[in-house]
Structures are given as C-alpha cells and as structure tokens.
Amino acid sequence: MSDAAPRPVKVRIAPSPTGDPHVGTAYIALFNFAFAKKSGGKFILRIEDTDRTRSTPESEVAILRALHWVGLQWDEGPDIGGPNGPYRQSERAAIYREHVEKLMAAGAAYRCFCTAERLEAVRHEQRRQGLFVGYDGLCRGRPVAEGETRAAAGEPFVIRLAMPRTGEIIFKDRLRGDVKFESAQMDDQILLKTDGFPTYHLANVVDDHLMGITHVIRAEEWLSSTPKHVVLYQAFGWELPEFVHMPLLRNADKSKISKRKNPVSLDYYRDAGFLPEALLNYLGTMGWSIAGDREQFTLLEMIEAFSFDRVSLGGPVFDLVKLSAMNADYLRALDDDEVVRRLRAWRFSDEHLRALIPLVRERIQRLDEFVPLTEFFFSGDVDYAPVAKDLLPKGRVPKEVADGLLLFGEALDAHRDFSAAGLEALAREFAEKNGWQTKELFMLLRLGATARKATPPLFETLVGLGRELTRRRLRLAAEFVKKLPAPAAQPAAPTKPAAPPKA
RNA sequence: GACCCCAUCGUCUAGCCCGGCCUAGGACAAAGCCCUUUCAAGGCUUGAACGCGGGUUCGAAUCCCGCUGGGGUCGCCA
C-alpha cells in the first residue's frame, strides 16, 4: 500500500430502506460528505435493500427526500446513476452470487443446511455455558459433494464464510489505531441467505470494492463485524479500504440513540421546524469540533476544516435542547424575507393549507376561526397543562394512561397504513385488546396529539399531523401524565386540609 | 456471559498525539442580577469536570498498567 498511487477518495452512505430516514444516517452522511469534499473525492449513495421482508420503496423515497432536505447531495446514486451502478443492492443479486461462487471455489465459503431451530439450540447452550456464541461449524466439515447433492435435491441452504480458526485478525481503524480480534472468536458469518439474497457483510464488501470505495466511514456498531469484512477482502484478494468508525449518537442514558427515547426520524426535525443547516451544524459538533471555542460553522467551513484528527470518541448524547438553541441562532440570523420563505416551505405552503381545509370547512363560520381551530397543526410540541384534568379519565391512574399512550405510539409506529381509516381500525383494535372504551381512548389520543378537547375528526387530524409529530406528542403527553398526582383512591378524609398544588 | 470500543463540568466539547503556558477554556442547560409595560433577545455574575489506584518523570488532564464505570456486538436485520 506504500508505493501504489493513492486511489481517488470515494466514500458512501449506505442506508437500508426499512423505516424512517434516521438522524444517524444524516450524521454519518455528514462525515462522509465532509471528508469527500475536503479530499476532492466523491460521495455516493447506495441503497442496501437486501432484506426483502423489511425494505420498502416508500422508505427509500423518504430517505432520499430527507437527505435532500438536509442538503447533502451525492455524486452517484440510484436516482442519478453513475459509472458503478446499479446503486440498489436488490438489483445486483447476480453480482453477489457470482462472487460467492468464487469464494466457494476457493474453499473460503461453504453451504450450511442447519435449521433455525438447531442454530437457536446451539446458541442457547453456548450462552448457558458462558462461551463464545456463534455457529459451531457443523456443516463446515461436510464434503462439498454432499452439499451439492443436497442443494440439487432442493434442500434449503445458506452460504457461510469460513473464518480462519486460529491466529488473530488485526486491522487499522483511523480513529483507534490497531484493533485486534481472535479468529477463533469470530462467527462463520452467513453471506448468502436461503432466499438467495446476500447479507450486509457480503453485499457491502463486494459493492464497496466494485464501486471503488476508499474509506469506509460508518457507525461504531460495525466495529465488531469488521474482522469478517477484512477476511472477505482478503479472500477476494482485494485491497482493504481505510476504516473509520464514528462514535454512536446516544440517548440521555448513554444507550445507542433509539426512537423510544428520542425523535429519530429526520421527518420529525423537518416537521418540528428545525432548519437543515442548524441540524447539520449540530450533528457536526457530535464527536467533532472545528476549534476550541467555536461551535457554530457552516457546512462549507466544516469541509474546509475537516480532519479525522478532530474526532473525539466518547459517544455524544444527542440533546434536543441544545439543538434548539442552535436552531434559534440560525433563525435569528435570517432576514425577514428568508424567514417567510422558510415558513412557506415548512407549513404555510398551499399544499399543506389545502390539506387542512376539508377538516375545518364545516366547522368555521368565518375565516378568522381557521387559525384557532388548527393551531396545533402549526406547532411542534404542545402544552398539556390546560387539559391536565382531562388526561386522567375517571377511574384511571396516571400510570395506565401513560402506558396506554406509549403503547399506542408504538403500535402506531409499527402500523404501515397511516390513513384515517387505517388508523381508526388500529385504534379500535387497540382499545379492545387493551381494555379501553373506544370513546375513552379516542379522547385520550385527541388530547395527546393536540392538547385540545375539540378538534377536527381524530384520525384525519392524526394524518394531518403525520406519524412523527403524532408519536412525539403521544410520548410527551405520556410523560406529562406520569407526573400528574394520582387521584385519591377514597374521597379525601374531611380532616385533610386543601393542599394547593401550585406548579 | 464472551469479545471489542470508550472515559474532562448535568450535556456537547477544547486541551491529550508533541508532559510544564490548565489555580482546566468555550457552548447548552441551571441560578442570580441588569435592561425592560409583557415575553423573548441581549449584557453581567455564580455554581459545575480531568472516575479510582498504581507507576514513569523535577513535573501528568496529558505517557504506561490495573481497576471501576459506560457503550457496542454476539440475527438467514442492516
């Protein structure tokens, strides 16, 4: 690697279209982008949709839209093409199969016929004994011919990577130096699934090589599977890229950022009125600094100053409060006309207003009633204090209401059909399953989502709010309810002086 | 549990690589004061950190080791 002419820098962001566009994706994209631009290289977008059961075209669209919104434009990608396409892994199946053939021919991979049940049992036993947990290698010893016969007979199988059984695998991480793993501690990773699609490990390595990726800049959660990737590169005889594992964004409790504890969808940030340049700046301060006493900088400034030497490895806690403060600074710096433009783009577009009209047209007598009737469509978080009493239906204690709100939020998240009819069906089913009167639950949802007792029809309202805002508000409402005093079980004893619970 | 990574104010971080300039700097948050018809904004002030123990050294936040703590991974998900 010392004398070869350095390859032109090329990096990628490789999201999986299995859900909402994630802040973590924007975070990693930002560092890839900054590094690429700083180095005069290319930044590409590749869609990793090899999970056929969870990938959706809608999610892919949402990810592209969100990445456009934050303003990180890629040089090659599924929508704009490029010299190394296709940029969607589902369209590259033949490439992966061909590469797996090579590995098999070289004895670097083998067929495995083990059932999910057996694997489960093996893992269970290994865990019980406190051993290293991974494939026990049963099929690795089978003669190749046997595998061929069984495969030909139609028996389902996967293909696994034959990891070296002794020695250690050492690779260099740009931020950590040498990282060392015992080969014996590494699993024989599945490369090709029963359905013929590759797993991340195979597809990712093959594509990174074929697409000329020079630096793999990704989240730290990948660090422990990197040795498998290294073995793959070596098995193919390919030059290793440089690995850069960025620290993980964290919840307040330091765990990996998650949607149960934080708004995690980029759509939330857009809908809640964050400016993309502020978000980017904030993400740029997560594990990176431009200088000792400076934290406000534009994308261009970040690119100019960019270096991995300025990355700090402690996992940064993602703090909405600080993001908001930074957003405020950006907002104040805009001139009036620009603020108007931002507002238009945000919620005051014809399109958005138009969507609200059917909800209010029968309910307003004069134009001036539009704003009071729809105000909660134009705010991010809402204040529950005025409806505190109503949030605790008769006979309910704070905990069950909070849990109900939270649980419904999760059900909402798992629910694909975000239409009024779909949501109503979901809510009715939820009420039945969880011991709520529909009437009672519907009011709770209304209050949680809007902090109002009277609104346009509930489910149309939720649709208008969108999944992210709805979820966020239900969670906020749950937190609010949790802090409410429990109602006295019995009518208060007459001796008890009236305690004024002033907040 | 096994393996890997990490460790400066509550939070984001500067300083650490190349030990002395650090009685550890900035920002968010908090508290107080000022300004002010209100609310913001703004100004000023305060409290707040080198996890612990051993080394190395004249000298350690900075280098080394151990401990502790936190995190990640251990899926036919990525």
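Each chain gets a letter, A, B and so on, in the order its sequence line appears, and its residues count up from 1. If you're wondering where the values come from, they're calculated on a predicted model, not measured in any experiment.
Comparing B/G75 with B/U13, their P atoms sit 30 Å apart, to the nearest whole Å. Spacing between B/A27 and B/U45 at atom P, rounded to whole Å, works out to 11 Å. B/U62 and B/A14: their C1' atoms are spaced 13 Å apart (whole Å). Atom P of B/G26 sits at a distance of 43 Å from the matching atom of B/C3, rounded to the whole Å. The gap from the C1' atom of B/A30 to that of B/G72 amounts to 32 Å, rounded to the nearest Å. Taking atom P in both B/C12 and B/C17, one finds a spacing of 23 Å when rounded to whole Å. The separation of B/A2 from B/G25, taken at their P atoms, amounts to 41 Å, rounded to a whole angstrom. Nucleotides B/G51 and B/C9 are separated by 7 Å at their P atoms, to the nearest Å.
Here A/Thr199 does not reach the OP1 or OP2 of B/G75: none of its side-chain N or O atoms lies under 4.0 Å away. The side chain of A/Lys256 places an N or O atom within less than 4.0 Å of a non-bridging phosphate oxygen (OP1 or OP2) of B/U73. Dashed line: the shortest gap from a side-chain N or O of A/Arg310 to OP1 or OP2 of B/C16 is not under 4.0 Å. Between A/Ser289 and the phosphate of B/A14, there is a side-chain N or O to OP1/OP2 separation shorter than 4.0 Å. For B/C3, the OP1/OP2 oxygens have no side-chain nitrogen or oxygen of A/Lys228 closer than 4.0 Å. OP1 and OP2 of B/G69 both lie 4.0 Å or more from every side-chain N or O belonging to A/Lys254.
The OH-C1' distance, from A/Tyr330 to B/A41, rounds to 19 Å in whole Å. With rounding to whole Å, A/Met186 atom CE is found 12 Å from B/A2 atom C1'. As a whole-Å value, the separation of A/His229 NE2 from B/C4 P is 18 Å. Here the C1' atom of nucleotide B/C74 and the CD atom of A/Gln189 are 10 Å apart, to the nearest Å. Here B/U11 presents its P atom at 17 Å from CG of A/Leu320, a figure rounded to the nearest Å. When rounded to the nearest whole Å, the span between CG of A/Asp207 and C1' of B/A78 equals 14 Å. For A/Asp178 and B/C6, the CG to P distance is 12 Å, given to the nearest whole Å. Between A/Leu313 atom CG and B/G71 atom C1' the separation is 12 Å, expressed in whole Å.
In this structure, A/Lys482 fails the cation-pi test against A/Phe480, since its NZ or CZ atom is not both closer than 6.0 Å to the six-membered ring centre and inside 45 degrees of the ring normal. For the pair A/Arg160 and A/Tyr135, the cation-pi criterion (under 6.0 Å, within 45° of the ring axis) is fulfilled.
Side-chain atoms of A/Thr194 come within donor-acceptor range of the base of B/C76, with a qualifying N/O pair under 3.5 Å. At a cut-off of 3.5 angstrom, the base of B/C77 holds at least one donor-acceptor pair with the side chain of A/Arg54. At a cut-off of 3.5 angstrom, counting only N and O atoms as typed in the model, there is a donor on one side and an acceptor on the other between the side-chain of A/Lys322 and the base of B/A27.
Judged by distance alone, the side chains of A/Asp20 and A/Ser59 never bring a donor and an acceptor atom under 3.5 Å apart. With 3.5 Å as the limit, one finds no donor-acceptor pair spanning the side chains of A/Trp346 and A/Asp271. Under the 3.5 Å distance criterion, with hydrogens and angles disregarded, no donor-acceptor pair is assigned to the side chains of A/Arg176 and A/His245.
For the pair A/Asp51 and A/Ser16, the minimum side-chain heavy-atom distance is 4.5 Å or more.
When distances are taken from the side chain of A/Val179 to each of B/C5, B/A41, B/G1, the shortest belongs to B/C5. The nucleotide whose nearest atom lies closest to any side-chain atom of A/Arg176 is, among B/G42, B/C5, B/A78, B/C5. Of the candidate nucleotides B/G72, B/A29, B/C74, B/C74 has the atom nearest to the side chain of A/Arg127. Residue A/Arg250 places its side chain closer to B/G71 than to any other of B/A78, B/A41, B/G71. Out of B/G1, B/C5, B/U11, the shortest distance to the side chain of A/Glu220 is found at B/C5.
No contact: A/Ser324 has no heavy atom under 4.0 Å from any strand. In this structure, A/Gly315 reaches the sugar-phosphate backbone alone: every heavy-atom distance under 4.0 Å involves primed, P, OP1 or OP2 atoms, never a base. Looking at heavy-atom distances under 4.0 Å, A/Val158 makes contact with a base. When heavy atoms are screened at a 4.0 angstrom cut-off, A/Arg128 is found touching no nucleic acid atom at all. Among the heavy atoms of the strands lying under 4.0 Å from A/Phe181 are primed sugar atoms or P, OP1, OP2 only; no base atom is included. Among the atoms of the strands shown, none is found under 4.0 Å from any heavy atom of A/Thr53. Nucleic acid contact for A/Met286: sugar-phosphate only, since backbone atoms but no base atoms lie under 4.0 Å from a heavy atom of the residue.
A/Leu138 contributes atom CG, which lies 9.5 Å from atom CG of A/Leu119 (distance to the nearest 0.5 angstrom).
Screening A/Asn84, A/Asn204, A/Val205, A/Ile44 for a side chain to side chain contact (heavy atoms under 4.5 Å, CB included) involving A/Ile213 leaves a single residue, A/Ile44.
In this structure, B/C18 forms no base pair with any nucleotide, since neither Watson-Crick nor G-U wobble geometry is met with both distances under 3.5 Å. Across all strands shown, nothing is found opposite B/C76 as a Watson-Crick or G-U wobble partner with both distances under 3.5 Å. Nucleotide B/A27: paired with B/U11 (Watson-Crick or G-U wobble, both distances less than 3.5 Å).
Along RNA chain B, the nucleotide nearest to A/Leu248 and the one nearest to A/Arg123 differ in position, and the one closer to the 5' end is contacted by A/Leu248. Comparing A/Leu223 and A/Ser312 along RNA chain B, the residue whose closest nucleotide (by nearest heavy atom) sits nearer the 5' end is A/Leu223.
Under a cut-off of 6.0 angstrom, the local environment of CD in A/Glu304 is sparse, with at most 12 non-hydrogen atoms contributed by other residues, nucleotides or ligands.
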